[in-house]
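Worksheet for the structure shown next.
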Amino acid sequence: MTVTQDGKLAIETRPNQDTPLMDNKRVLLGNDVWEHAYYLNYQNRRADYLKAWWNTVNWTKISDRYAAAKAGTLGI
């Protein structure tokens, strides 16, 4: 998830292992759904991985990053 220059949230998908940072975009949250990210723990159960992944998101940190992005002070 990224933040546009005018402070709006945007969801982006990227091929391979590319990141919006490559285009100087402000990133709030990312999730790698290539098999290498979850195979050892979840094998081919991507849905289980994604369900568990939501429990690891630090929403306070994301909120802080969003406020910083809107203020123009968000670093990498």
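One is the number of the first residue; the rest follow in order along the sequence. Here the structure is a predicted model, which is why all the values come from computation and not from measurement.
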Is the closest side-chain heavy-atom distance between Leu9 and Tyr66 below 4.5 Å? yes
Check: Ala47 main-chain N/O paired with Tyr42 side-chain donor or acceptor under 3.5 Å: no
Are Leu21 and Met1 linked, directly or through other ILVMFWY residues, by side chains that come within less than 4.5 angstrom of each other? no
Can you list the residues that meet the side-chain hydrogen bond (donor to acceptor under 3.5 Å, both in side chains) rule with Lys25, with sequence neighbours excluded? Glu12
Whether the side chain of Asn16 engages the backbone of Asp18 through a donor-acceptor N/O pair (distance < 3.5 Å, no angle test) should be reported. no
Can Lys51 and Arg45 be said to form a side-chain contact (heavy atoms from CB on, under 4.5 Å), step by step? CA-CA 10 Å; Lys51 185 177 179 183; Arg45 300 183 322 270; over 6 Å; no
Shared ILVMFWY cluster between Val57 and Val27, side chains joined below 4.5 angstrom? no
Salt bridge or not for Lys70 and Asp6, using N-O below 4.0 Å? no
Donor-acceptor under 3.5 Å (Arg46 side chain, Val33 main chain): yes
Exam field: side chain Arg26 to backbone Ala69, donor-acceptor pair closer than 3.5 Å: yes
Applying salt bridge (charged side-chain N to carboxylate O under 4.0 Å, His left out), run through Asp32 and Arg14 and close with a yes or a no. CA-CA 10 Å; Asp32 185 350; Arg14 296 294 176 115; over 6 Å; no
Is Met22 linked to Ile11 within one hydrophobic cluster, defined over Ile, Leu, Val, Met, Phe, Trp and Tyr using a side-chain heavy-atom separation of less than 4.5 Å? no
Show, in sequence, the C-alpha distance, side-chain angles and deciding distance for Tyr49 and Asn31, and conclude whether the side-chain hydrogen bond (donor to acceptor under 3.5 Å, both in side chains) test is met. CA-CA 11 Å; Tyr49 160 72; Asn31 187 337; 3.1 Å; yes
For the residue pair Leu74 and Leu28, establish whether any side-chain heavy-atom pair is separated by less than 4.5 Å. yes
If two hydrophobic side chains count as joined below 4.5 Å and joins carry through other members, does Trp34 share a cluster with Leu40? no
